[in-house]
Asks: 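This structure is in structure tokens; I'll ask about it shortly.
When a ligand or atom number is given, it counts from 1 through the structure's own listing order. FYI, the numbering just counts along the sequence from 1. Side chains included, hydrogens not; waters and symmetry mates left out as well; all remaining heavy atoms used.
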Amino acid sequence: MAAIAIYSVKGGVGKTTLAVNLAWCAATISRRRTLLWDLDAANGSGFLLGVDPKKKRSADSVFAEDSNPARLIQPTGHANLDLLPADESIRTLDRQLDRLGKKKRLARLVEALHKDYDRVLLDCAPVLNEVSAQVMRAADLVIVPLPPSPLSARAFEVVVEEVRASGKSHPPILPVLSMIDLRRSLHREARAANPTWPAIPLASAVEQCASLRQPVGAFAPRSPAARAIAQLWTAIERKLASR
Ligand SMILES: Nc1ncnc2c1ncn2[C@@H]1O[C@H](COP(=O)(O)OP(=O)(O)OP(=O)(O)O)[C@@H](O)[C@H]1O
Ligand SMILES: [Mg+2]
């Protein structure tokens, strides 16, 4: 059982896209009972999986003291893959968690979800607040997508410092070069500077996820992007196994 956060303090770096595609790999390639938990009010994960919000929004908040997350979970149409969508309370979650005064509220919820799920993936918002601090306490591994630039190594260091500052101990962090285009010299330089970091190509197949509302592996399994994402998933499973 493991919780994997896809996180960065930066917006638009490919977190949601990666979270959805990795969750699909966990469910389909590894056949793990997988839950994708959307922690961003924008609800991008659900959209990319073709899951529309329930017409009658539940007043339940997953973070309420007496909540039952199971009631909020929705199937995705992909075997082994369920979604816990962001609910309205996510907008005030930072204050709510502060008020509850429970530093491990999210970690406890993840623990409870592990009864039904082997892999819980957390699609995080680009924020640095009590929610992200709680994510760091709940996650067994943090994936940080970084668009390639000579600054990517520095950007990663900033994230590591921020994560360290959020608590005494923090989970291992795996940087991933996202949206890499090897036709561009700056991207090649970023790749050469960080040869051990996994890389996901900039690809129209990945962009299409948003119009087809499906993970790339579901409609273009032989594409270089689908292969790169599957390879990254294998590396993640290996890292989790070596804990
Ligand atoms: N490998 C890729 N190739 C091409 N386009 C990509 C790739 N990865 C992500 N994108 C595109 O980049 C944009 C941002 O991606 P995404 O929404 O996943 O980022 P995010 O980090 O979750 O953003 P936010 O911080 O707003 O939540 C989207 O339009 C997505 O389709
Ligand atoms: Mg996102």
Asks: Considering only non-hydrogen protein atoms, determine which one is nearest to atom 14 (C) of ligand 1 and report residue, atom name and distance to 0.1 Å.
Replies: G12 O, 4.0 Å
Asks: Within the structure, does at least one protein heavy atom fall under 4.0 Å of atom 2 (C) of ligand 1?
Replies: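 Answer yes: something from the protein, a heavy atom, is under 4.0 Å.
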Asks: Thinking salt bridges, do R95 and D98 make one under a 4.0 Å N-O criterion?
Replies: no
Asks: At a 4.0 Å threshold, what atoms of ligand 1 neighbour a non-hydrogen atom of L202?
Replies: 3 (N), 4 (C)
Asks: Protein heavy atom under 4.0 angstrom of atom 5 (N) of ligand 1, is there one?
Replies: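 When distances to the protein are checked, atom 5 (N) of ligand 1 has a heavy atom within 4.0 Å.
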Asks: Using a 4.0 Å cut-off to any heavy atom of D40, which atoms of ligand 1 qualify?
Replies: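 Reading through ligand 1 atom by atom, the close ones are 27 (O).
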Asks: Tell me whether R31 at atom CZ has more than 12 heavy atoms from other residues, nucleotides or ligands lying less than 6.0 Å away.
Replies: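 Atom CZ in R31 is not packed in, count stays at 12 or less.
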Asks: Ligand 1 and L18, any nitrogen or oxygen pair closer than 3.5 angstrom?
Replies: no
Asks: If we only count heavy atoms from C-beta on, is the R119 to L121 side-chain gap below 4.5 Å?
Replies: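 They are in contact (side-chain heavy atoms under 4.5 Å apart), so the answer is yes.
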Asks: Is the shortest distance from a heavy atom of P201 to ligand 1 less than 4.0 Å?
Replies: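 For ligand 1, residue contact (heavy atoms, under 4.0 Å) with P201 is present.
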Asks: Within the distance-only criterion (no hydrogens, no angle test), does the side chain of N21 pair as donor or acceptor with the backbone N or O of V216 below 3.5 angstrom?
Replies: yes
Asks: Taking all heavy atoms of A27 and all of L81, pick out the closest pair and write down the distance.
Replies: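 Smallest heavy-atom distance, with atoms named: CB-CB, 3.8 Å.
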Asks: Counting non-hydrogen protein atoms only, what is the nearest one to atom 21 (O) of ligand 1? Give residue, atom name and distance.
Replies: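 Checking every protein heavy atom, the shortest distance to atom 21 (O) of ligand 1 gives K15 NZ, 2.7 Å.
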Asks: Between L48, V13, T17, flag the one that comes closest to atom 18 (O) of ligand 1 by a heavy atom.
Replies: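 Residue with the shortest heavy-atom distance to the ligand atom: T17.
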Asks: Tell me whether the Mg ion (ligand 2) has T17 as a neighbour, meaning an N, O or S atom of it below 2.8 Å.
Replies: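 Short answer: no, not a single N, O or S atom is under the cut-off.
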Asks: Provide the number and element of each atom of ligand 1 under 4.0 Å from a heavy atom of A203.
Replies: 3 (N), 4 (C)
Asks: List ligand 1 atoms under 4.0 Å from P126, heavy atoms only on the residue side.
Replies: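 Numbered from 1, ligand 1 contributes 25 (O).
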Asks: Can a non-hydrogen atom of A210 be found less than 4.0 Å from any atom of ligand 1?
Replies: no
Asks: Side chain of Y7, backbone of V127: donor and acceptor closer than 3.5 Å?
Replies: yes
Asks: Report, in ascending order of atom number, the atoms of ligand 1 lying under 4.0 Å from any heavy atom of E207.
Replies: 4 (C), 5 (N)
Asks: Among protein heavy atoms, which lies nearest atom 19 (O) of ligand 1, and at what distance?
Replies: G14 N, 3.0 Å
Asks: Test the R213-F47 pair against the cation-pi criterion, namely NZ or CZ under 6.0 angstrom from the six-membered ring centroid and within 45° of the ring axis.
Replies: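 R213 over F47 ring: yes.
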Asks: We want to know whether N80 and T34 form a side-chain donor-acceptor pair, criterion being a heavy-atom distance below 3.5 angstrom.
Replies: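 Side chains of N80 and T34: no pair found under 3.5 Å.
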Asks: Answer yes or no: does atom CZ of R243 have more than 12 heavy-atom neighbours from other residues, nucleotides or ligands under 6.0 Å?
Replies: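 Enclosed: over 12 neighbouring heavy atoms sit under 6.0 Å from CZ of R243.
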Asks: Would you check whether S178 reaches within less than 4.0 Å of ligand 1, judged by its heavy atoms?
Replies: no
Asks: If the cut-off is 4.0 Å to any non-hydrogen atom of G11, which atoms of ligand 1 fall inside it?
Replies: 25 (O)
Asks: Examine ligand 1 and decide if any of its atoms is less than 4.0 Å from a heavy atom belonging to G44.
Replies: no
Asks: Spell out, as yes or no, whether a donor-acceptor pair under 3.5 Å connects the side chain of K15 to the backbone of K10.
Replies: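 Yes: the side chain of K15 pairs with the backbone of K10.
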Asks: Hey, is E161 close enough to R164 for a salt bridge, meaning N to O under 4.0 Å?
Replies: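 So E161 does not pair with R164 through a salt bridge.
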Asks: What protein heavy atom sits nearest atom 13 (C) of ligand 1, and how far off is it?
Replies: M179 CE, 4.7 Å
Asks: Ignoring hydrogens and geometry, is there a side-chain-to-backbone donor-acceptor pair from N194 to A190 under 3.5 Å?
Replies: yes
Asks: Please write down residue, atom name and distance for the protein heavy atom closest to atom 17 (O) of ligand 1.
Replies: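 The closest heavy atom on the protein side is T16 CB, 4.2 Å.
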